[in-house]
Amino acid sequence: MAAGEAVVVGVRVRPFNDRENNLNAVVCIDMEGPTTRIRNIDTGDEKTFTFDESFWSHDGFEDDGTGYLRPLPNSKYADQRYVFDTFGQRVLDNAWNGFHCCLFAYGQTGAGKSYSMVGYGNNKGIVPISCEEIFRRIGQEKDPQKRYEVTVSMIEIYNEAIQDLLIDVELRPKKGLEVRESKALGIYIDGVIKRPVESYEAIETTIEEATNHRTVGSTLMNATSSRAHTVQIIEFKAVKDGSATVSMINLVDLAGSEKAGQTGATGDRLKEGSMINKSLSALGNVIEKLADRGSEKKKNVLIPYRDSKLTRLLQNALGGSSKTIMICALSPASSNHEETLSTLRYADRAKKIKNIAVPNENPQERLMRELREENEKFKKIFEAMQGGTMPSADEIKEMGLAQQEIAAMEGALAELNKSWEDKVAESREQQEAARMRRSSVNGVAALKKNLQPMMVNLNEDKTLVGRVRFSFPPGRTLIGGLGDESDSDSESGSESDSDSSTGSQPEGEKSPEEMFEDEDESPHIELGEGVARRHAVVFHDNDQNLCTIYAASEEGLKQTFVNGKSLRQLLKSQGLEEVICRQKDKPEAAGIELSHADTLVFGRHFFVFVDHMVCAPEILIASGQVDYAQAKREWQMEQLSGVHESLIVATRGGVLGVSHVMELAEKDEIIESQKAEIAELKQQMVTMKAELDRYKKMAGGRLAAGANMLGELYADELLESQMDEISKDIQKTFKDAIDQMNDVQAIFSKKALREGLSLETEVLPEPILRDPGTPRRQVRISFADELPS
Ligand SMILES: Nc1ncnc2c1ncn2[C@@H]1O[C@H](COP(=O)(O)OP(=O)(O)OP(=O)(O)O)[C@@H](O)[C@H]1O
């Protein structure tokens with residue numbers, strides 16, 4: 001039996017980004033030859049890993065005048081060309097030798113996966129350089145008898161659905177494509193388009209088309225690169241004297257890993273993967289098990305490929321006959337130490353995987369042979385039946401499977417038997433038909449849509465601004481997302497708890513929420529994650545040419561923002577009652593009128609409202625009147641002032657509830673911009689814990705049993721003064737308090753909070769601060785267990 005060949009693993013560290021530069025970030029990665037070292041600047045701990053390649057792309061480079069980043073003399077900077085020459089060429093060599101190959105990029109969001117795979121501007125990544133190189137090599141073929149046929153497929157896995165990016169969004173099967181397995185064909189995507197390409201330009205156009213489909217897909221609209229996995233499949237066939245070898249090159253740009261909750265972890269931690277990052281968690285699990293199998297510890301361990309579409313698709317690349325390369329993108333900043341260490345561990349496990357790669361034989365011959373074998377089986381069973389022997393249950397099952405297998409093989413054979421010219425002509429026809437359909441069907445619809453008010457998306461990437469448009473036809477448009485009913489139930493649940501004193505709802509009678517649900521209305525605009533199933537409603541009064549926005553749930557009241565202010569705040573400031581819009585026809589709830597160029601945020605999805613009577617979206621975007629950064633800043637400021645307000649309310653009442661603190665902890669956006677300080681604060685907390693452990697020892701029996709009290713963070717004494725005297729100093733105090741909250745969140749993370757951290761505040765009976773009459777706020781932090789690592 002052939003010896004296994006290990007997955008080739010390389011890691012690459014990027015330069016600091018602007019934010020890290022502004023925060024004077026500290027490098028925690030060092031590379032020397034194939035060795036990568038990571039240092040925890042808080043504890044001084046160092047860990048060393050060895051990979052096939054360690055690409056240092058952090059510093060030692062300059063712009064060559066065209067935007068291309070090249071190494072300075074004598075620097076170890078690995079530029080795009082170097083990375084391609086090291087890994088990309090290897091992939092192509094393997095494909096030329098008839099092997100299936102896979103190259104995938106893994107890493108935390110923003111760590112540089114897309115930079116390595118696709119690249120930016122003149123710094124082209126492995127994918128485009130490989131495409132160029134394929135046709136360069138074909139052009140250099142000396143053997144006149146040898147022909148090459150190249151097809152390209154582009155898919156995206158988002159929310160556990162495989163979408164063909166070469167099919168128009170409107171024409172895609174709703175649930176996406178299926179991954180199937182056949183003995184003869186191996187793992188394949190049923191019905192995926194294989195576009196024949198005859199030049200680099202043709203591949204480039206195809207990729208562009210796929211990218212456009214990706215960004216305008218309504219359900220995918222908010223699938224930023226970090227949320228979806230993109231796979232480009234290049235089928236490469238070399239034909240000579242009627243015989244052929246086929247190699248599949250899979251180039252995979254995985255979703256960002258940090259949201260997967262430590263995907264490098266195993267067991268219970270892996271279960272935390274949400275719907276969106278489920279596949280990343282599954283990938284971690286598969287790698288873990290394959291690594292175990294590779295090290296012979298658990299040779300017969302079952303590999304859970306079927307846990308996700310991604311692992312099913314990569315089954316051959318990970319545990320089969322493919323030559324596989326993995327490139328892990330690393331952030332250099334110490335503030336990302338934890339995620340980077342997790343990526344390194346992931347990479348370390350991946351390199352233990354061993355595949356047995358065998359060159360692919362002529363697919364036609366193999367298919368014919370397999371077909372003959374299947375037919376033989378059938379024949380035997382028939383002969384037995386003619387002789388009076390009834391087939392067993394197993395044989396009947398086998399016959400069913402064989403029938404399926406034969407059908408798949410016949411389809412594949414028919415495809416293989418088509419001449420290349422026929423395939424090219426067929427593909428052209430399909431593209432032309434799609435183009436016609438688009439222009440005829442969508443043309444009228446698009447025209448109609450453009451004659452209505454709409455909202456268009458805002459995005460950090462300027463080229464994506466305005467790519468997604470949702471128009472508001474006359475009447476009611478319900479905006480919703482992936483959030484389930486619990487998004488709105490959680491609030492109503494707590495309301496009905498507090499209502500219980502006034503008499504709970506009689507059984508059989510429906511709450512207003514339930515009545516609304518009974519309408520069983522799916523959102524007209526689906527936005528995805530972070531948006532309640534029923535979030536907001538826009539009512540377009542055609543006669544008045546007026547659009548008004550209403551909250552469609554409690555969540556919608558809090559998480560729908562117009563020009564940075566939540567609907568709740570806006571209603572309050574206009575003296576309107578907070579009412580949720582439940583009626584299907586004419587809303588009776590209080591709403592906010594929309595004006596041209598208003599920014600709208602649903603959860604974290606940013607849009608700008610366009611009044612078609614004022615101007616077209618293109619003109620508004622080009623005018624520079626709205627920009628994402630500005631909208632995001634406004635929204636962030638509002639989030640911050642929301643925190644201030646919570647603290648004011650909390651401090652007035654003397655009590656800061658757990659739900660408040662949990663809510664604060666959810667404010668990832670704010671936390672994101674404070675990661676550097678958090679690292680420092682984390683260190684302080686460790687010191688505090690040591691202090692308090694000492695204190696606990698001293699206090700001994702005086703502490704209540706089991707109360708593992710960690711600390712008491714006293715609000716500044718200025719917090720005790722009257723709130724109407726809010727001065728600069730108090731603002732500072734609030735900022736400190738916010739920092740503390742963020743600190744708490746960052747250190748213990750959502751996971752730690754769920755695992756046992758509870759936060760509570762209480763009013764001390766014995767005031768210690770200057771004014772003995774004023775109660776003080778005390779925050780007590782207790783742990784079920786230890787400090788999470
Ligand atoms: N080797 C590098 N040299 C220079 N800049 C880099 C390098 N790697 C990444 N960058 C820059 O870092 C930023 C983030 O990189 P990139 O978009 O590739 O991250 P990502 O891991 O693909 O993120 P996501 O998961 O969100 O898709 C980009 O602005 C990119 O230009």
Is there a side-chain contact between [X] and [Y] in this structure, where contact means two heavy atoms from C-beta onward sitting under 4.5 Å apart?
X: S566; Y: K558; result: no
X: N563; Y: F609; result: no
X: P453; Y: H540; result: yes
X: Y158; Y: T230; result: no
X: D541; Y: T548; result: no
X: L620; Y: V626; result: yes

[X] versus [Y], closest heavy-atom pair with distance:
X: A597; Y: Q625; value: CB-NE2, 3.9 Å
X: P617; Y: V456; value: CB-CG1, 3.9 Å
X: V537; Y: A552; value: CG2-CB, 4.0 Å
X: S331; Y: E20; value: OG-OE2, 3.6 Å
X: G564; Y: T599; value: N-OG1, 4.2 Å
X: W635; Y: G603; value: CZ2-O, 3.9 Å

Using modelled atom types and a 3.5 Å cut-off, is there a donor and acceptor pairing between side-chain atoms of [X] and backbone atoms of [Y]?
X: H535; Y: Q559; answer: yes
X: H596; Y: D611; answer: yes
X: N457; Y: V468; answer: yes
X: N545; Y: N542; answer: no
X: Q574; Y: L571; answer: no
X: T560; Y: L557; answer: no

**OP:** Could you walk me through whether F472 and I479 pass side chain to side chain contact (heavy atoms under 4.5 Å, CB included), step by step?
**Re:** CA-CA 11 Å; F472 299 116; I479 299 163; 4.3 Å; yes

Original post:
If you measure from the Lys or Arg side-chain nitrogens to the Asp or Glu carboxylate oxygens, is any gap between E554 and R534 under 4.0 Å?
Top reply: no

Subject >> R469/E618 ion pair, N-O < 4.0 Å >> reply: yes

**OP:** Report the residue from D598, L600, L570 that forms a side-chain contact (heavy atoms from CB on, under 4.5 Å) with I549.
**Re:** L600

When rounded to the nearest 0.5 angstrom, what is the spacing between [atom1] in [X] and [atom2] in [Y]?
X: E339; Y: T109; atom1: CD; atom2: OG1; result: 9.5 Å
X: F561; Y: Q569; atom1: CZ; atom2: CD; result: 7.5 Å
X: Q452; Y: T477; atom1: CD; atom2: OG1; result: 8.5 Å
X: H605; Y: M455; atom1: NE2; atom2: CE; result: 10.0 Å
X: L567; Y: I592; atom1: CG; atom2: CD1; result: 6.5 Å
X: K565; Y: K572; atom1: NZ; atom2: NZ; result: 12.0 Å

Original post:
Looking at F539 versus Y550, is the centre-to-centre ring distance below 6.0 Å?
Top reply: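 When the ring centroids of F539 and Y550 are compared, they turn out to be at least 6.0 Å apart.
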
